[in-house]
Amino acid sequence: MAEPGSLGGVSQTEIQQMAEAIGSPPSEAGASLSTRFVRQVSSLVAARSAVGESGEFSVFIRSESLISDLAKVAYSEFPLLMNGQDTVSDRAWISTASLNATYNLTLAWTDQASLYTAVRATGLGHLPALVVDWRPARPLGHFYPDGLGSPDLADRVIFEDIPISEDEMKEAMDNFYNRSLRSPLLIAEGHADRVWSDAAKGIPRDRPEEKIQGRLTDALKSRFARHDVRAEPVTADGRADVIVYRRTLSLQNLPAVQTQWVLELKALCDMTSNGTATGSSHIPEAIKSGLEQVVAYKGQLSALRGAVCCFDMQKKDHGDNAIFNHIAASAQQLGIDLWRWFLFRSTADSRQAKSLVTVTK
Amino acid sequence: MLPADEHLSVRLRARALQLISALEKAGGAAVSGKDLHAFAYLANVLSPLWELEPLDGSILKDDDGPYYPTLQKEIDFLIGNSIVTVVTLERIKAGARNILGASFILNRDKSNSILECINRLPDESRFEVFLLELASAFLEINKDQRDDAALYDAAYSDPAISTGRIVDFAEWVSSTTQNPSWNAAQSFQQYMPAGITLSPAEKLVMYMRLLKRRAHG
């Protein structure tokens, strides 16, 4: 029987040496398989871009059952593709999330349309796929989580580690909302931790921000594939909800971290998780506190940008102006973005808000 | 209601499918029998890191590495029912003996619907996420050294427990403070820079990299 605190056959020195060798926490830990895949492909694309790779398109397909999937197509094996020494453009690839076993698919295609058609024709059109467009000066990425068979469902992937603009971050957040949070059905489909305890009655789960945080972190890691994303880093003023940063070198050529974004998440609820109504001052105070937090963390972390991200779970959508009116001037003065997304309590409400049908009398 | 032994058998069968599935999804197909037992052991000894209950809290220490006869019985059952397919079969040396070693994959036509049911259960869906994290880290170890990784695990390699004795990490002892593997994984926190609190996933990956380094020599 081991004594409490025993390290068994491992020594404390070994652990210390290992921790020092690893340095910072491994960025892939906790990521979904799709996000790991996107980040692995991004590393490969960066390596190939650095040696001047050009061409038209690459498609990387992620398999969870490689042996069965390979049985459907002709292929050749490229076990060392991750080393970055092989041309990847104008080819279709299939691999697992880690890219530790990679195969080049023998497909006949001449342009983007025939590439998508060729992949679908193999029966692999339902598998997650990342398409790289090599034609611009900097390659562009589109990730299809449901495969090339569902081309309408695509997420952009940023292959560069340059600062993320306000527009890019807002687009990423909008996409995350539209894909994962807009309606209770989307939340369930995403296999995310549910934010609603009873959506129809408007009762949230306890601390809905925490449920959103894990999923958002994964989505941002996938989109900004050359950046790192971390939840809950500690600062002297408390824990920031999400930061997006990149590892770089200081002017003295020493390893350094540049925090690009601080995101403070706020769920705006008019009910507690027990189903009782919150007071009228609760939401304005929560937003004001969010602004104070993001300003403090931005300063502590020397971040380039910050935003208060509000997930509005109230019964009625009052609009941005009414929600942010009391702090809008301060936020603008402090250079903090105020963003809000309304979480519908039913799929029907969500559909209706999109005004898909116009009734004429 | 199922009798207790059948209940355990069904749970083990479900776990066997989850283990193979996680390794396959992370890129480890076809899964060798030895790797699967090593992976099953690591899943048991490290699951308390994610506040999950291990299916087996102890194991007989063997020079050849962890081996679960009850798990093997369920794998045989799954093969017999075409839910798992044997890909290779070869003679391998196990100490002084020669035994038949198999590698296998899931027959997705049959296993997918079963796995969907299993993973819909709240605790099991969390276990699936844990297994995928563990499998991704396990597969970073060189293929021919993966089964050795378990031999280098903190609890399994505890010099206080000799071969032929029981390694108890969660049966009669606390699965946390009296589990050397849990303690070792937690220890990484003290070497992190200020302001960084490691998540269970990060501790797991760092601990598995330690096993990788030990296995690679």
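Atom set for the values below is all heavy atoms of this structure, side chains included, hydrogens, waters and symmetry mates excluded. Residue numbers begin at 1 in each chain, while the letters A, B, ... track the order of the sequences.
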Q: Are E28(A) and S136(B) side-chain neighbours, meaning at least one heavy-atom pair lies under 4.5 Å?
A: no

Q: Sort S95(A) into side chain, backbone, both or neither according to what part of it lies under 4.5 angstrom from a heavy atom of chain B.
A: neither

Q: Tell me the residues of residues 109-121 of chain B whose non-hydrogen atoms fall below 4.5 Å from those of chain A, in number order.
A: none

Q: May I ask you to test the T96(A)-K25(B) pair for a side-chain heavy-atom distance under 4.5 Å?
A: no

Q: Taking 4.5 Å as the heavy-atom cut-off, does anything in residues 141-157 of chain B contact chain A, and if so which residues?
A: Y152(B), A154(B), S157(B)

Q: Is a side-chain donor or acceptor of N183(B) paired with a backbone partner of S6(A) at a separation under 3.5 angstrom?
A: yes

Q: Less than 4.5 Å apart, any side-chain heavy atom of V10(A) and any of R214(B)?
A: yes

Q: First locate atom CZ of R108(B), then atom CG of D69(A), and finally report the distance between them rounded to the nearest 0.5 Å.
A: 9.5 Å

Q: Could you grab the distance from atom CG of N107(B) to atom OG of S68(A), nearest 0.5 Å is fine?
A: 8.0 Å

Q: Taking the side chain as everything from C-beta on, heavy atoms only, tell me whether L7(A) gets closer than 4.5 Å to S187(B).
A: yes

Q: Any idea which heavy atoms bring M18(A) and M206(B) closest together, and the distance?
A: CG-O, 4.3 Å

Q: Side chain, backbone, both or neither: which part of E14(A) has an atom under 4.5 Å from a heavy atom of chain B?
A: both

Q: Could you tell me which non-hydrogen atom of P25(A) sits nearest to which non-hydrogen atom of I196(B), and how far apart they are?
A: CG-CG2, 3.5 Å

Q: Using a 4.5 Å cut-off on heavy atoms from C-beta on, say whether the side chain of Q17(A) contacts that of Y191(B).
A: no

Q: What is the minimum heavy-atom distance between E133(B) and G30(A), and which atoms define it?
A: OE1-N, 2.8 Å

